[in-house]
Amino acid sequence: MSLRLAENTELRALEPWNAEEFAQNIDRVRDYIGPWVGMAHMVTDTDSGRTVLQRYADKQAAGNGRIYGIWIDGKLMGGTLFRTFDAANSMCEIGVWLDPAATGGGLITRACRHMIDWAVCVRGMSRVEWRCSPENERSGAVAQRLGMTLEGVLRSEYPLGGVRQDAQVWSLLAAEWRARK
Ligand SMILES: CC(C)(COP(=O)(O)OP(=O)(O)OC[C@H]1O[C@@H](n2cnc3c(N)ncnc32)[C@H](O)[C@@H]1OP(=O)(O)O)[C@@H](O)C(=O)NCCC(=O)NCCS
């Protein structure tokens with residue numbers, strides 16, 4: 001039921017029954033991810049954590065999103081998601097977060113490679129997107145490591161913490177992914 005990312009690290013579905021540890025994870029990383037990730041503002045306790053995970057369970061059932069957790073030594077430390085998954089238009093968007101104590105080891109890049117491979121090679125996606133603030137250098141670095149191309153900046157694209165934010169749009173096309181493999 002899980003994918004091994006490293007000796008002590010697994011990637012597996014993050015589901016409503018994980019709400020308590022999900023809320024605890026977000027609580028621990030709130031200050032670190034808060035400037036970049038909407039979930040940090042939405043998940044404030046187990047109930048709001050369950051609401052987010054149920055929304056993703058519903059998205060998965062409808063075929064338009066998924067969320068995974070990254071467990072290190074059995075402790076939930078972060079995750080990856082298909083924020084959108086639009087099979088009709090053959091495009092999806094990946095999002096990520098990780099406890100700062102676990103960054104710097106390539107875990108997110110590895111997890112995203114699995115997700116892109118599944119999206120492109122199993123589900124036939126033509127385009128995988130990555131959106132991040134132009135100020136979020138670590139996030140942009142992941143997109144670059146994955147072989148994505150920076151297409152431009154959407155100005156004042158989304159609200160976060162009451163302030164509208166710009167968003168870089170990165171993308172990877174199916175043919176580019178296959179060529180990299
Ligand atoms: C964005 C975020 C997930 C990136 O985490 P990360 O650990 O830097 O990402 P990666 O898994 O790609 O790891 C890359 C780092 O591991 C190192 N690394 C070690 N082994 C590696 C390997 N086999 N493959 C790739 N990188 C490796 C890289 O050199 C890099 O380290 P550096 O930044 O010190 O140069 C993290 O910073 C985060 O949670 N930020 C806050 C939330 C956020 O911004 N989310 C994205 C919103 S758009």
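Position 1 is the first residue of the sequence, and the numbers go up from there. As the structure lists them, so they are numbered: ligands from 1, and atoms in each ligand from 1.
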Quick one: list whatever passes salt bridge (charged side-chain N to carboxylate O under 4.0 Å, His left out) with D47, sequence neighbours left out. R50

Under-4.0 Å salt bridge between D58 and R55: no

Those residues with a heavy-atom separation under 4.0 Å from ligand 1 are Y32, I33, W36, V37, V96, W97, L98, T103, G104, G105, G106, L107, I108, T109, R110, R131, C132, N136, R138, S139, V142, R145

Rounded distance (nearest 0.5 Å) linking atom CD1 of I67 with atom CZ of R83: 12.0 Å

Please enumerate all residues that pass salt bridge (charged side-chain N to carboxylate O under 4.0 Å, His left out) together with R12, with sequence neighbours excluded. E10

Less than 4.5 Å apart, side chain to side chain, heavy atoms only: is that true for Y158 and R131? no

Which pairs count as side chain to side chain donor-acceptor pair (under 3.5 Å) when at least one residue sits in residues 172-181, sequence neighbours excluded? D117-W177, D117-K181

